[in-house]
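Residue numbers start at 1 and run along the sequence shown.
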Amino acid sequence: MSSSTTSPGLAEALAAGTVVLDGGLSNQLESAGHDLSDELWSARLLAERPEAVADAHLAYFTAGADVAITASYQATFEGFARRGTGRAEAARLLALSVDLAREAARRARAAGAARPLWVAASVGPYGAMLADGSEYRGRYGLGVDELERFHRPRMEVLAAAAPDVLALETVPDAEEAAALLRAVRGLGVPAWLSYTVDGRHTRAGQPLEEAFAQAADVDEIIAVGVNCCAPRDVEYAARVAARVTGKPVVVYPNSGETWDARARAWRGRSTFGAEQVRGWRDAGARLVGGCCRVGPQGIASIAQAL
């Protein structure tokens, strides 16, 4: 059952206008006092503090987000297994990530939110499971078939939990995108595909024209774009994605700070500003939000700007 059963589907909403995404889930959880210094990151709280995850989603809905992205980015069967969690329990936690976001939507509506609210089930890259920063490099040494076998089982579990959309996000490598585009077929849930980029290339070094083109004829993909990148890289990528695919564009960059994987800390200063948002919209962006280090205040400013 959709989280917005009386509302138009997300694809229809994108055809009609702009939709606001949430911001970084991990930074919202950390700001609430939760320790995420763990390989499972925010996914650990699915087992230990699920109510905290729902509260974080609610904070973004309250700030003006129309879409909540679930805490399943780093939730994989392999990652849970390293913590001694069996497949059945891991599958339950993956499904719970969708239920928690849906619960936050119900709470937001009960508090007076009258607009449509959607749930996007996060499917992070293979590198997120490794927890070593390799999602910012790609080139894992695995082929498309191997990556598809990694992604498909948890995508099936997430799809069965009936989110409104799957967020195939922070993809560093066009080869991994090819695997995800194969894995999403037949699941019965639409998806967006979002690369993490550096300038005019994927993190693995492929030209964005080639990377985006893979999604152009995939019916399940309702939006293509970028996330977890510097704000300065968004507008060029959005224009290329719109031109190459003809699909609505999704953009949700980081604050502009840089992640130090070795120190597991953010460096530098924020370059994210709501004044950039209209330029992204003019470039074709229809799903707009923030990623790491962009909190409810940033999302509120985006909602106001749009």
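Across all their heavy atoms, G64 and A303 have their closest contact at O-CB, 4.1 Å. A162 and V98 get closest at one heavy-atom pair: C-CG1, 4.5 Å. F77 and A90 get closest at one heavy-atom pair: CD2-CB, 3.7 Å. Closest approach of A215 to L193, counting heavy atoms only: CB-CD2, 4.1 Å. V226 approaches V197 most closely through the heavy-atom pair CG1-CG1, 3.6 Å. Counting all heavy atoms, side chain and backbone alike, L14 lies closest to A223 at CD1-CB, 4.3 Å.
Contacts of Y195 classified as ring-ring contact (aromatic ring centres under 6.0 Å, His included), with partners at least two apart in sequence or in another chain: F212. Judged as a side-chain hydrogen bond (donor to acceptor under 3.5 Å, both in side chains), and not counting sequence neighbours, S97 has no contacts. For the side-chain contact (heavy atoms from CB on, under 4.5 Å) test, residues two or more places apart in sequence or in another chain that qualify with R281 are T18, R278, R286, L306. Contacts of P50 classified as side-chain contact (heavy atoms from CB on, under 4.5 Å), with partners at least two apart in sequence or in another chain: L96, L100. For the ring-ring contact (aromatic ring centres under 6.0 Å, His included) test, residues two or more places apart in sequence or in another chain that qualify with F150 are Y126. Residues passing the side-chain hydrogen bond (donor to acceptor under 3.5 Å, both in side chains) test with H201, sequence neighbours excluded: none. With sequence neighbours excluded, the residues that form a side-chain contact (heavy atoms from CB on, under 4.5 Å) with E146 are L142, R149. Residues passing the side-chain contact (heavy atoms from CB on, under 4.5 Å) test with A59, sequence neighbours excluded: Q28, P296. Under the rule for a side-chain hydrogen bond (donor to acceptor under 3.5 Å, both in side chains), the partners of E51 that lie at least two apart in sequence or sit in another chain are R49.
Applying the salt bridge (charged side-chain N to carboxylate O under 4.0 Å, His left out) rule to pairs touching residues 54-76 yields D55-R107, D66-R115, sequence neighbours excluded. Listed by first then second residue, pairs satisfying salt bridge (charged side-chain N to carboxylate O under 4.0 Å, His left out) with a partner in residues 213-236 read E235-R239, not counting sequence neighbours. Residue pairs satisfying the salt bridge (charged side-chain N to carboxylate O under 4.0 Å, His left out) criterion with at least one member in residues 185-209, sequence neighbours excluded, are listed as follows: E209-R243.
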Original post:
Do E169 and C228 pass the side-chain contact (heavy atoms from CB on, under 4.5 Å) test, and can you show the C-alpha distance, the side-chain angles, and the key distance before you say yes or no?
Top reply: CA-CA 9 Å; E169 59 177 355; C228 208; over 6 Å; no
**OP:** With side-chain contact (heavy atoms from CB on, under 4.5 Å) as the test, would you mind laying out the steps for E175 and R139 before giving the verdict?
**Re:** CA-CA 8 Å; E175 288 190 7; R139 303 295 193 190; 4.1 Å; yes
Original post:
Between S134 and R137, does a side-chain contact (heavy atoms from CB on, under 4.5 Å) hold up when you go through it step by step?
Top reply: CA-CA 5 Å; S134 59; R137 300 189 300 271; 3.2 Å; yes
**OP:** Please step through side-chain contact (heavy atoms from CB on, under 4.5 Å) for the pair L21 and V250, ending with a clear verdict.
**Re:** CA-CA 9 Å; L21 297 177; V250 54; 3.8 Å; yes
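Counting heavy atoms from C-beta outward, M155 and L168 have side chains that approach closer than 4.5 Å. At a threshold of 4.5 Å between non-hydrogen side-chain atoms, the residues W192 and P248 do not count as touching. For the pair V184/H151, no side-chain contact is recorded, criterion being any heavy-atom separation below 4.5 Å from C-beta on. Taking the side chain as every heavy atom from C-beta outward, R154 and S72 never approach each other to under 4.5 Å. Using a 4.5 Å heavy-atom cutoff, the side chains of E135 and Y73 are in contact. Between I69 and L25, the closest side-chain pair of non-hydrogen atoms is not below 4.5 Å. Contact check for E156 versus L187: side-chain heavy atoms found under the 4.5 Å cut-off. When side chains are defined from C-beta on, T202 counts as touching L208, because their heavy atoms get closer than 4.5 Å.
A donor-acceptor pair under 3.5 Å is absent between the side-chain atoms of N27 and the main chain of C292, judged by distance alone. A donor-acceptor pair under 3.5 Å is formed between the side chain of Y60 and the backbone N or O of G24. Using a distance-only test at 3.5 Å, with no hydrogens or angles considered, a donor-acceptor pair links the side chain of N227 to the main chain of T170. Here the side chain of E176 pairs no donor or acceptor atom with the backbone of D173 at under 3.5 angstrom. Between the side chain of R293 and the backbone N or O of N254 there is no donor-acceptor pair closer than 3.5 Å.
Between the OG1 atom in T245 and the CD atom in Q214 there is a gap of 12.5 Å [rounded to 0.5 Å]. Rounding to the nearest 0.5 angstrom, the gap separating the CZ atom in R109 from the CZ atom in R106 is 8.0 Å. Note: I222 CD1 to L10 CG = 4.5 Å, rounded to the nearest 0.5 Å. To the nearest 0.5 Å, atom OG1 of residue T70 and atom CG of residue L94 are 8.5 Å apart. For the atom pair OG of S301 and CZ of F272, the computed distance is 6.0 Å after rounding to the nearest 0.5 Å. Distance check, rounded to the nearest 0.5 Å: CG of L93 to CZ of F80 gives 4.5 Å.
A single hydrophobic cluster is seen to contain both V277 and Y236, as judged by linkage of ILVMFWY side chains at heavy-atom distances under 4.5 Å, directly or through other members. The hydrophobic clustering, which links ILVMFWY residues whose side-chain heavy atoms are closer than 4.5 Å, places V144 and L180 apart. Tracing side-chain contacts under 4.5 Å through hydrophobic residues (I, L, V, M, F, W, Y), one never reaches L58 starting from V119; they form parts of separate clusters.
For the 3.5 Å distance criterion, the side chains of H57 and E103 fail to qualify, holding no donor opposite an acceptor.
Ion pair E78/R82 not flagged as a salt bridge, since none of the NZ, NE, NH1 or NH2 atoms sits closer than 4.0 Å to an Asp/Glu carboxylate oxygen.
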